[in-house]
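Counting convention: from 1, in listed order, for ligands and their atoms alike.
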Amino acid sequence: MCGIVGYIGSRNTVDVLLNGLTSLEYRGYDSSGVSVYDRDDGEIKIFKAEGKLNNLKEILKNDTTLKTPGIGIGHIRWATHGVPSVENAHPHTCNCGNLVIVHNGIIENYLELKSKLENLGCKFKSQTDTETIAHLIAQKYKEEQNLTNAVRNAVKELKGAYALCVMHRNEPNLIVAARKNAPLLIGVGNNENFIASDVPAIISYTKHACYLNDDEIATVWANKFEVCDLEGKIINKRVEILPWESQTINKMGYKHFMLKEIHEQPDVVRNVLSNKLIDANTKIKLDEVKLNSDTIKNLSRIEIIACGTSLHAAMVGKYIIESMTKIAVDVEASSEYIYREKTTNENTLVIGVSQSGETADTITAIRQAKQTGAHILIITNRPDSTMAREAHSLVPVNAGIEVSVAATKSYMAQVLSFYLFAIYLSEIKNTMNSEQLINLKFELLKLPNLVETILQHEDEIKKCASKYASTKDFIYISRGINLASAYEGALKLKEISYINATGYPAGELKHGPIAMLDETMPVMVIMMPGVVYEKILSNAQEAKARHAKLIALTSSNDPKLYDTFDDIIKIPQICEMLSPALTCVPLQLFAYYIAEFLGKDVDQPRNLAKSVTVE
Ligand code: G6P
């Protein structure tokens, strides 16, 4: 989290920095700041504001001191060390204020460095780990008055993760950037250059970019840039053409990005399926999967690692892959995988699932898995991300840019990618007969229209949500393939409405959670017709007997449901295997409308960030 930008060139620097930060706001919104070198008076100026980026924009709009800045750096913060405040907002400086720095990441040994620096006379003004880097570089700068060397020598002493941009008053024609375990790229322009945590910050200015790797240091001037390693050896870097269209990100008339992204899902389904699933009789094509057929035939185990919403898509993926291929699949939160004994090896396929491809825990987990010899496949919305670049195989999910912090369309795209990948494996391993495969593909092709049908009934879901908006707690239950839908539905609700919502396996209700049930506790029951339908119905009745309010999310026409349930959200019929691709949509709308009724900041919920680049 945290987003950083840098610019050097002849455009209005403040505008470029603010535009860049606007497109990085998904990475955090606790505070923001920019620092520019004003060529007219030879001073570095710093502007900071607590809270959303608009607060900084207001300050800059009313500032009359800025004259002709042609170089600057900016930051948007998701607080790790130190509360959100102006003093903890970046950029940070050294004692004399000649050096300014913005940072994304966490410096793990900052307390140790801080005490050494304090002994050298450095005075700290904030509680951040970042300020340590500013003082450390300033100390190194005293030795040889060269910013690139000072940054290079300083980062050798840092433990943890960092993407940095540094400016110095004595070298006003360059910015130095460095990275380790946090994304950073240089946008290459015509007599102007950009630095950013992510592509959206630069794409409206240039389509040419150079991605920095770990332990690389870049010196960026307006007309060139140079990259070296930690020993100062120059590295020849490739400038890539970004496969992105310059696009203005807007809500297209929707009140929130989340609602727009929910409504984009029929097209997302079409995009995911296009080119890969041509028709029900043709084999699935996954060009970027580099597993050879012998490896697939001998594959006995798959491990899927992910975080947050992607972890829930992974849980659906486990069901799909196990049912279609009979390969054993384990799913684990990346943050847990990292700290346990590894049992993966060259016979294991490890799948990382990540919308952003930059989640720190998942990156670390896949790197560890790679060291065990496992083949790494990444299912991601960002084929240009760190994870994608480190993987052996890729399944790009093609959901398009997702702005809302709460993931919706990317979840749908990930779930669909699992169907495609499982069918792909099954076609090679011969684990399903051709009739089953044709039927499944045929049903998959129906999904876009079925998702559209759900969206046409949005008002009914909205009405149902209005009845439950004042509740303090919520339980979501299901079994089987839709258990992950229960987890994801509950996560959506708590993320954006702050209601305490928890997903449970319906059969586990009686082993503890049932103690919480009374007339104040609503239970969302996801019960699609299939092998566990009757079992879930019994579990719902157990909840009813404890006076809980019950909502059914189902495609069943069973009239008996009206005796048990207070509300019924009806969705179209689909085979049980594909049902998670439908159940997620009303659950997203239900959470959205509750948060909207409560007047919450739907797109930027408190304390969250879309891309979590710290462990
Ligand atoms: C953050 C976001 C979640 C997301 C999770 C994993 O917590 O707020 O919406 O699911 O990160 O992100 P990834 O990009 O790896 O899918």
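Val405 O, 3.3 Å is the protein heavy atom nearest to atom 9 (O) of ligand 1. In terms of protein heavy-atom proximity, atom 7 (O) of ligand 1 is closest to Val612 CG2, 3.8 Å. Taking atom 4 (C) of ligand 1 as the reference point, the nearest protein heavy-atom neighbour is Thr309 N, 4.2 Å. Residue, atom and distance of the protein heavy atom nearest to atom 15 (O) of ligand 1 are Thr359 OG1, 2.4 Å.
In terms of heavy atoms, Ala484 sits closest to Val316 at CB-CG2, 3.6 Å.
Taking 4.0 Å as the cut-off, Leu608 does not count as a neighbour of ligand 1 on heavy-atom distance. Residue contact check for ligand 1: Thr362 places no non-hydrogen atom closer than 4.0 Å to it.
One side chain, Thr348 or Asn345, offers a donor N or O that lies under 3.5 Å from an acceptor on the other. No side-chain N or O of Asn88 forms a donor-acceptor pair with one of Ser31 less than 3.5 Å apart.
Around atom 5 (C) of ligand 1, the closest heavy atom drawn from Ser310, Cys307, Ser404 belongs to Cys307. Remark: among candidates Ala609, Gly308, Ser354, the nearest residue to atom 2 (C) of ligand 1 is Ala609, based on non-hydrogen atoms.
With respect to the salt-bridge test (charged N to carboxylate O, under 4.0 angstrom), the residues Arg340 and Glu303 qualify. Ion pairing of Glu25 with Lys610 is absent here, as no side-chain N (NZ or NE/NH1/NH2) approaches a carboxylate O to less than 4.0 Å.
Screening Leu553, Ile571, Ile481 for a side chain to side chain contact (heavy atoms under 4.5 Å, CB included) involving Met528 leaves a single residue, Ile571.
Contacts of Ala333 classified as side chain to side chain contact (heavy atoms under 4.5 Å, CB included), with partners at least two apart in sequence or in another chain: Leu311, Ser335, Glu336.
Within ligand 1, the atoms closer than 4.0 Å to a non-hydrogen atom of Lys610 are 1 (C), 2 (C), 11 (O), numbered from 1 in the order shown.
In terms of N/O distances under 3.5 Å, ligand 1 is approached by Ser356.
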